[in-house]
Q: 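Okay, here's the structure, questions in a sec.
FYI, side chains are in, hydrogens and waters are out, and symmetry mates aren't considered; it's all heavy atoms of this structure. Residue numbers begin at 1 in each chain, while the letters A, B, ... track the order of the sequences.
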Amino acid sequence: MSHPRPDLVPDPDLSRAEMETLQREIASVAVFEDDFAFDPDAFSNPLESAATGTEPPVVAGVDQSFLTNEDGDQDRALSAVVAMQGGEVIERIHAVTPLEIPYIPGLLSFREGGPILAALEALSVDPDLFLFDGNGRIHFREAGIATHMGVVRDVPSIGVAKSLLCGTPQEDIDELPAGSRVPIEANSRVDAPDGTRIGYAVQTRQYDSPNRYINPLYVSSGHRVGPETAADVAHDLTSSYKLPEPVRLADQYADEAKKSSSR
DNA sequence: GCGACAG
DNA sequence: ATCTTGTCGC
């Protein structure tokens, strides 16, 4: 695996203005519509493709955790990748790299992109699709971490965020039933014409009857995956938890790897 | 100046 | 992201 666009790799040493300029370039290169060869419906029926003798597509979830030094300061980022095929985990890998910059809303990929790309280099299989923790097109400059990573590797990617960064839900997103979705449109804070559909609030899970509610996920196109397909896939990859399995397992693995690496 | 702000 | 037990509700 390599970087088709090494010139777009997130460089933490860039000035804030340069980072934003790079993001606009990434957004112009990104493809926010379906452009892949695998069958996206294979995720809802992991066994079906096996029955037809077809190789199920490989999906990888990516998530990060952070390590602290002796003084208690976060000085390293750990990126974990969990690759799955036909509903089974086929590979797990992680990488640790020093942290260069603090978290700044809108510039997440410049903080976590390094460890992610390092981990992807260490992966032996090459996934047909990536799911990242964070946004894709739901971003001020339409270039969230899922879009940035997807474009640098030129691989289909989807952003899965747990809270809304920007954009406007087209309907009330409280108390949504499981399986439902609400379009997220660009607002004045997004570098896209107002009303542009930049993603979906996806309710993958919901409590049965209580007076408590689970918040939806915010799913958006990273690269080469349209918003509808992104929402479909995020939903299809979900089983018993709110997060799609690849991301949930990467989240869990990132935590385990952090604990075992500090011992 | 005010408000908003993924992980 | 991270610090963290108990606790509310099915």
Q: Can A/Glu256 and A/Arg92 be counted as an ion pair, charged N to O under 4.0 angstrom?
A: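 Here A/Glu256 pairs with A/Arg92 in a salt bridge, since their nearest N and O are under 4.0 Å apart.
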Q: Tell me the salt bridge (charged side-chain N to carboxylate O under 4.0 Å, His left out) pairs involving residues 19-34 of chain A, sequence neighbours left out?
A: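 Salt bridge (charged side-chain N to carboxylate O under 4.0 Å, His left out) check on residues 19-34 of chain A returns A/Arg16-A/Glu20, A/Glu20-A/Arg141, A/Arg24-A/Asp191.
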Q: Reading DNA chain C 5' to 3', what string of ( ), [ ], | and . shows its pairs, if Watson-Crick and G-U wobble pairs count only when both distances fall under 3.5 Å?
A: ..........
Q: Any heavy-atom pair between the side chains of A/Met149 and A/Phe130 that's under 4.5 Å?
A: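 Result no, sub-4.5 Å side-chain heavy-atom pair not found.
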Q: Could you note down all residue pairs passing side-chain hydrogen bond (donor to acceptor under 3.5 Å, both in side chains) where residues 104-115 of chain A supplies at least one of them, sequence neighbours left out?
A: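 Applying side-chain hydrogen bond (donor to acceptor under 3.5 Å, both in side chains) to every pair that reaches into residues 104-115 of chain A, excluding sequence neighbours, yields A/Gln64-A/Glu112, A/Gln74-A/Arg111, A/Ser109-A/His148.
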Q: What are the bounds, 5' to 3', of the part of DNA chain B that sits under 4.0 Å from heavy atoms of chain A?
A: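 Contact boundaries, 5' end first: B/dA4 to B/dG7.
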Q: Strictly below 4.0 Å, heavy-atom distances to any atom of DNA chain B: list the hits from residues 234-241 of chain A, or just say none.
A: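 Within this stretch, nothing sits under 4.0 Å of the strand.
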Q: Does DNA chain B take part in any stems of at least 3 consecutive Watson-Crick or G-U pairs (both distances under 3.5 Å), and if so, which ones?
A: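 The stems: there are none.
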Q: Which residues pass the ring pair (Phe, Tyr, Trp, His ring centres under 6.0 Å) test with A/Tyr200, not counting sequence neighbours?
A: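 For A/Tyr200, no residue satisfies ring pair (Phe, Tyr, Trp, His ring centres under 6.0 Å) once neighbours in sequence are set aside.
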Q: With a 4.0 angstrom cut-off to heavy atoms of chain A, pull out the first and last contacting nucleotide of DNA chain C, in 5'-to-3' order.
A: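 So the outermost contacting nucleotides come out as C/dA1 to C/dC10.
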Q: Below 4.0 angstrom, which residues in residues 104-111 of chain A have at least one non-hydrogen atom near DNA chain B?
A: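 Going residue by residue through residues 104-111 of chain A, the ones with a heavy atom under 4.0 Å of DNA chain B turn out to be A/Pro105, A/Gly106, A/Leu107, A/Leu108.
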Q: For A/Tyr213, give me all partners under ring pair (Phe, Tyr, Trp, His ring centres under 6.0 Å), at least two apart in sequence or on another chain.
A: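 By the ring pair (Phe, Tyr, Trp, His ring centres under 6.0 Å) rule, A/Tyr213 matches no residue at all.
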Q: For A/Thr21, which residues count as a side-chain hydrogen bond (donor to acceptor under 3.5 Å, both in side chains) partner, sequence neighbours excluded?
A: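 None.
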Q: Using the test ring pair (Phe, Tyr, Trp, His ring centres under 6.0 Å), find all partners of A/Phe66 that sit at least two apart in sequence or belong to another chain.
A: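 A/Phe66: no ring pair (Phe, Tyr, Trp, His ring centres under 6.0 Å) contacts found.
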